[in-house]
Amino acid sequence: MAQFSYEDFLKKEATIKVALPENHADRISLVEQKKLLEDAIHLTLPLKFDKTDSWPMSILTVNEILSLMMYAVCYKKLEQHQKSLDILSYVQKCLENTQADISYYEDLYTRLGVMKSSALRKLKCYKESESFSRTCMNLLLENQNSSCLAYYAYDI
């Protein structure tokens, strides 16, 4: 039988609390979620969270990409759309600077596209939103990924 450490227990408890309905008393607040994500991101990336413009370009793992995207979601929910856009733009630049073909990250890039387009629309940057949406949709069309294309088109 596998033994769990106290940290494993806390992680499981946090996961359960995040999944609770919004009005539940034991649900983790958005600020607590943001702090948990900062701690998780900081384990592998030495980022100063208050200075997104000075974050170094790096090759991100899938876990780091997803954590940063969820971190951006926290800012979106807090109505801090510019901060959310800055984080998503950083992830986009890191993805585009990798030596791998961007189609390798197609699903992540699609999710990033949906989130970034939404943030751009919230900031009333409609032309930039349209341009980035077209780029993401062209990638999906090139790879004939109809399920991701439908997901993307539905969110637009």
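To the nearest 0.5 Å, atoms OG (Ser89) and CZ (Phe132) are separated by 8.0 Å. The line from NZ of Lys48 to NE2 of His42 is 10.5 Å long, rounded to the nearest 0.5 Å. Distance check: Ile87 CD1 to Gln82 CD gives 10.5 Å after rounding to the nearest 0.5 Å. The structure places CD of Glu130 at 11.0 Å from CZ of Arg121, a figure rounded to the nearest 0.5 Å. Here Gln92 contributes atom CD and Leu68 contributes atom CG; the two are 13.5 Å apart, rounded to the nearest 0.5 Å.
In this structure, the side chains of Lys34 and Tyr75 come closer than 4.5 Å at one or more pairs of heavy atoms. Contact annotation: the side chain of Thr61 never approaches that of Thr44 to less than 4.5 Å [non-hydrogen atoms, C-beta and beyond]. Using a 4.5 Å cut-off on side-chain heavy atoms (C-beta onward), Leu47 and Tyr90 make contact. Put simply, the side chain of His81 does not reach to within 4.5 Å of the side chain of Leu85, judged on heavy atoms. In this structure, the side chains of Trp55 and Leu45 stay at 4.5 Å or more apart for every pair of heavy atoms.
The two residues Ser84 and Ala72 have their closest heavy-atom pair at OG-O, 3.1 Å. What you find for Ser129 and Ser117 is that their closest heavy atoms are OG-O, 3.2 Å.
At distances below 3.5 Å, at least one donor-acceptor pair connects side-chain atoms of Ser67 with backbone N or O atoms of Asn63.
Under the 4.5 Å side-chain heavy-atom criterion for grouping Ile, Leu, Val, Met, Phe, Trp and Tyr, Val114 is not connected to Tyr126 through any hydrophobic cluster. In this structure, Met115 is not a member of the same hydrophobic cluster as Leu30, with clusters built from ILVMFWY side-chain heavy atoms closer than 4.5 Å. Linking ILVMFWY residues whenever their side-chain heavy atoms come closer than 4.5 Å, directly or via other members, leaves Val73 and Leu78 in distinct clusters. Leu95 is connected to Val62 through a chain of hydrophobic side-chain contacts under 4.5 Å among Ile, Leu, Val, Met, Phe, Trp and Tyr, so both are in one cluster.
Applying side-chain contact (heavy atoms from CB on, under 4.5 Å) to Tyr71 and the options Leu66, Ile41, Val91, Leu88 leaves one that passes, Ile41.
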